[in-house]
2 protein chains.
Amino acid sequence: MLLRIDPASAAPLFEQLAASVRTELVRGGIRVGDRLPSAKEVAAALDVNLHTVLRAYQSLRDEGVVDLRRGRGAVVTDRAAGYADLHREIPQLVEHAKALGIGPAALAAMIKEVY
Amino acid sequence: MLLRIDPASAAPLFEQLAASVRTELVRGGIRVGDRLPSAKEVAAALDVNLHTVLRAYQSLRDEGVVDLRRGRGAVVTDRAAGYADLHREIPQLVEHAKALGIGPAALAAMIKEVY
DNA sequence: ACCTATTTGTCCGTATGTATG
DNA sequence: CCATACATACGGACAAATAGG
């Protein structure tokens, strides 16, 4: 599992952190039932404030992605299973696009269009 | 409009504040399109921290009750119209209950039961 | 067009409380 | 009982958007 933040990004740190967790869920680096590293650890590792990490975790909790409890930490709920599905679907889609000679920008544009 | 907090309550201050706003919406003290007092004002009036009020406002924003923007403040959205409906329905229900000789505790118990 | 005040947004720091293991 | 970890609240600082003069 690798949580990252981009100091150059304009996005708030806590959103970057939450997005990083979601990306790991899709990538398979974090799975249902896993416990996220404690906010304290993440804060120390990324050199951000503890509250910033907690806020990210709380937003994930509000989304239903993790179960957040005192003394226990943040555990990925089964409601995050959808991310694992994307974990399978996305590479498949990319392969199909490649076979058709569709580049990443064009594919992304199509996704946005449909969305 | 009268926002209140109960120091004796175990509920978090920011939730009490959000609840107080919702109550005012139901009571009719705040209506759609109204602008809530600035977080700074509320903080000073209730002697709580600015961040605590902002957190309450942000939770109301997450619920879609208010539109929160820098420099402008918190404006009640039309999605809060449901509260105004309760504003009409509740007194009506209470009147009917009174006519039937049903006390407040009994009525509340019925509400919980049905809920 | 400019400046200023207002107001929320984010981040950091500190402290204390509370549930978990 | 104790260490861990999140929950809340306070405080300070700066940024960014908005409104008004």
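Note that this is a predicted model, so its numbers are computed, not measured. Computed from heavy atoms alone, side chains included, the values below leave out hydrogens, waters and symmetry copies. So you know, we letter chains A, B, ... as the sequences are listed, proteins then strands, and number each from 1.
Rounding to whole angstrom units, CG of residue B/Leu13 and P of C/dA15 are separated by 20 Å. The distance from atom CG of B/Leu54 to atom C1' of D/dA13 is 14 Å, rounded to the nearest whole Å. Counting to the nearest Å, the P atom of D/dA7 and the NE2 atom of B/His51 are 18 Å from each other. Put simply, CG on A/Leu60 is 12 Å from P on D/dC6, counting in whole angstrom units. Look at CZ on A/Arg55: it is 14 Å from P on D/dA7, rounded to the nearest Å. Between the CG atom of B/Leu50 and the P atom of C/dT7 there is a distance of 11 Å, rounded to whole Å. Distance A/Phe14 CZ to D/dA7 P: 15 Å, rounded to the nearest Å. Rounded to an integer number of Å, the gap from OH of A/Tyr57 to C1' of D/dC6 is 11 Å.
The 12-atom threshold is exceeded at CZ of B/Arg35, counting heavy atoms of other residues, nucleotides or ligands nearer than 6.0 Å.
Along DNA chain C, the nucleotide closest to B/Arg35 and the one closest to A/Glu15 are compared, and the more 5′ of them pairs with B/Arg35. Remark on DNA chain C: of its neighbouring residues A/Ala11 and A/Arg72, the 5'-side contact belongs to A/Ala11, judged by nearest-heavy-atom nucleotide.
At least one side-chain nitrogen or oxygen of B/Asn49 sits closer than 4.0 Å to the OP1 or OP2 atom of D/dG11. An OP1 or OP2 oxygen of C/dT18 is reached within less than 4.0 angstrom by no side-chain nitrogen or oxygen of A/Arg70. In this model, the phosphate group of D/dT8 is not approached by any side-chain N or O of B/Thr52 to a distance below 4.0 Å at OP1 or OP2. Between A/Gln58 and D/dC6 there is no side-chain N or O to OP1 or OP2 distance below 4.0 Å.
With respect to A/Arg79 and A/Glu63, no salt bridge is recorded, no charged nitrogen being found less than 4.0 Å from a carboxylate O.
Here the side chain of A/Ser38 is nearest to one of D/dA9, D/dA5, C/dT7, namely D/dA5. Out of C/dT10, D/dA7, C/dT8, the shortest distance to the side chain of A/Pro12 is found at C/dT10. Taking only side-chain atoms of B/Arg61, from C-beta outward, the nucleotide of C/dG9, D/dC10, C/dC12 with the closest atom is C/dG9.
A/Asp34 CG to A/Thr77 OG1: the interatomic distance, rounded to the nearest 0.5 Å, is 12.0 Å.
For B/Glu15, there are no side-chain hydrogen bond (donor to acceptor under 3.5 Å, both in side chains) partners, not counting sequence neighbours.
If you chain together ILVMFWY residues whose side-chain heavy atoms come under 4.5 Å of each other, B/Leu50 ends up grouped with B/Leu54.
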